[in-house]
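Input: a single structure, listed below in structure tokens.
The residues of the chain are indexed from 1 along the displayed sequence.
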Amino acid sequence: MLDFITTFINGLNLGGIYALIALGYTMVYGIAKMLNFAHGDIIMVGGYTIMVFFSMTGLPVVGVLCAIPLCVVVGIVIEKVAYKPLRGASPLAVLITAIGVSYLLQSLAQMIFGPGQQMVDLGDLGTISVGSLKIKVSTIVTLLAATAIMVSLTLFVHKTKAGKAMLAVAEDRDAARLMGINVNAIITLTFAIGSALAAVAGVFYLLGSPAVYPTLGSMPGIKAFTAAVIGGIGSIPGAMVGGLLLGIIECICGAVPALSKYTIAVEFVLLIVILLVKPSGILGKKKREKA
């Protein structure tokens with residue numbers, strides 16, 4: 001029983017990281033109606049930024065504080081240079097461009113830092129004991145951060161002027177423009193928020209796996225996208241639910257010897273089943289097509 005609880009808690013920790021990344025995916029898709037497959041690579045950018053400033057100063061917090069604004073800048077530059085010229089282009093053109101940007105970021109990282117892994121030890125936050133159960137402090141911090149960010153984003157979107165403008169752009173971009181909303185600025189703000197979330201996710205990811213390499217963000221990005229689709233892409237609570245569910249399933253499968261080799265397959269089978277039962281995702285809303 002204790003082993004199952006430990007596995008479940010580890011799943012919540014991993015799921016919290018997936019949720020943070022998925023929140024960025026779901027915001028960009030919800031507002032800009034595009035799948036930014038370079039989003040996972042922003043985690044890698046944040047990881048290398050933490051490594052550089054940590055090695056320069058010896059202070060992990062300096063690396064973390066530098067990573068977030070740099071990732072925001074990278075996200076904004078990507079949106080301005082790669083995606084903005086494609087407004088109105090076919091979804092396939094945008095998708096291919098996003099994949100190209102992903103490979104570009106990975107190649108640049110490999111040219112600058114090399115292809116190998118480099119360690120980034122952010123330190124151990126310690127553990128707390130609840131009876132015979134030991135819980136990592138980093139797990140608690142990850143879950144609290146993911147929950148706080150989800151609540152903050154929900155309040156931001158529904159209670160602030162910029163958030164309501166995001167909702168208007170998501171509903172009808174042309175109508176929002178006619179109402180005086182700066183659509184380009186709103187989409188840029190969305191990319192900035194998503195990139196900041198990726199940087200935060202990168203911090204928690206490095207706490208569990210203290211190594212950076214050019215393809216660091218590829219698999220977490222794909223799994224977070226899967227989590228966003230499972231929860232209902234475009235739904236902020238859905239991204240949280242999907243991330244936690246995927247993290248728990250991954251850790252449970254990893255703890256069962258017969259399933260450990262097929263963990264990724266199980267995750268994508270879950271995705272297929274949910275899409276067959278509820279194509280819009282667990283918390284996604286089915287949109288009516290306009291005539």
Side-chain angles (χ1 to χ4, degrees), residues 15-40 42-43 68-69 71-76 78-80 83-84 87 94 98 142-201 204 221 224-246 278 280-288 290:
I17 296 171
Y18 288 158
L20 286 171
I21 308 171
L23 284 169
Y25 267 117
T26 207
M27 283 199 67
V28 170
Y29 180 81
I31 308 302
K33 294 296 182 291
M34 64 162 291
L35 298 175
N36 178 23
F37 279 111
H39 183 68
I42 301 295
I43 300 172
I68 295 175
C71 286
V72 169
V73 171
V74 171
I76 292 174
I78 290 173
E79 191 275 328
K80 293 291 186 185
Y83 299 142
K84 186 178 178 181
R87 302 271 167 82
V94 178
T142 301
L143 289 174
L144 290 176
T147 303
I149 289 172
M150 184 202 72
V151 172
S152 298
L153 280 178
T154 302
L155 292 174
F156 173 79
V157 168
H158 291 283
K159 299 296 182 181
T160 67
K161 184 176 180 180
K164 291 177 181 178
M166 285 181 173
L167 291 176
V169 172
E171 184 66 28
D172 191 320
R173 191 179 299 181
D174 293 329
R177 188 179 286 110
L178 290 174
M179 294 298 293
I181 295 173
N182 189 333
V183 173
N184 289 331
I186 292 300
I187 293 176
T188 299
L189 175 62
T190 304
F191 269 83
I193 294 173
S195 298
L197 293 176
V200 173
F204 293 115
F225 170 69
T226 302
V229 175
I230 288 173
I233 194 162
S235 167
I236 292 175
M240 186 75 177
V241 170
L244 292 176
L245 181 60
L246 200 67
K278 197 172 188 295
S280 58
I282 296 173
L283 297 181
K285 294 180 179 179
K286 188 175 181 180
K287 291 188 175 181
R288 292 178 298 175
K290 296 179 181 179

Rounded distance (nearest 0.5 Å) linking atom [atom1] of [X] with atom [atom2] of [Y]:
X: L244; Y: I230; atom1: CG; atom2: CD1; value: 11.5 Å
X: L143; Y: F204; atom1: CG; atom2: CZ; value: 9.5 Å
X: N36; Y: I78; atom1: CG; atom2: CD1; value: 6.5 Å
X: L178; Y: I181; atom1: CG; atom2: CD1; value: 10.0 Å
X: F191; Y: K84; atom1: CZ; atom2: NZ; value: 12.5 Å
X: F156; Y: K161; atom1: CZ; atom2: NZ; value: 12.5 Å

**Report entry** Side chain proximity check, R87 to N184, heavy atoms < 4.5 angstrom
**Finding:** yes
Query raised in the report: Are any of the side-chain heavy atoms of I31 and L189 separated by less than 4.5 Å?
Result: no
Please check: side-chain N/O of [X] versus main-chain N/O of [Y], any donor-acceptor pairing under 3.5 Å?
X: S152; Y: A148; result: yes
X: T26; Y: I236; result: no
X: H39; Y: I21; result: yes
X: R177; Y: V169; result: no

Can you name the nearest heavy-atom pair linking [X] to [Y], along with the distance?
X: A192; Y: V72; result: O-CG2, 3.6 Å
X: S195; Y: C71; result: CB-O, 3.2 Å
X: M240; Y: M150; result: CB-SD, 3.4 Å
X: V183; Y: R173; result: CG1-CG, 3.4 Å
X: A196; Y: I68; result: CB-CG2, 4.2 Å
X: M166; Y: I193; result: CE-CD1, 3.8 Å

Query raised in the report: Is it the case that more than 12 heavy atoms not belonging to F37 sit under 6.0 Å from its CZ atom?
Result: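 Yes.
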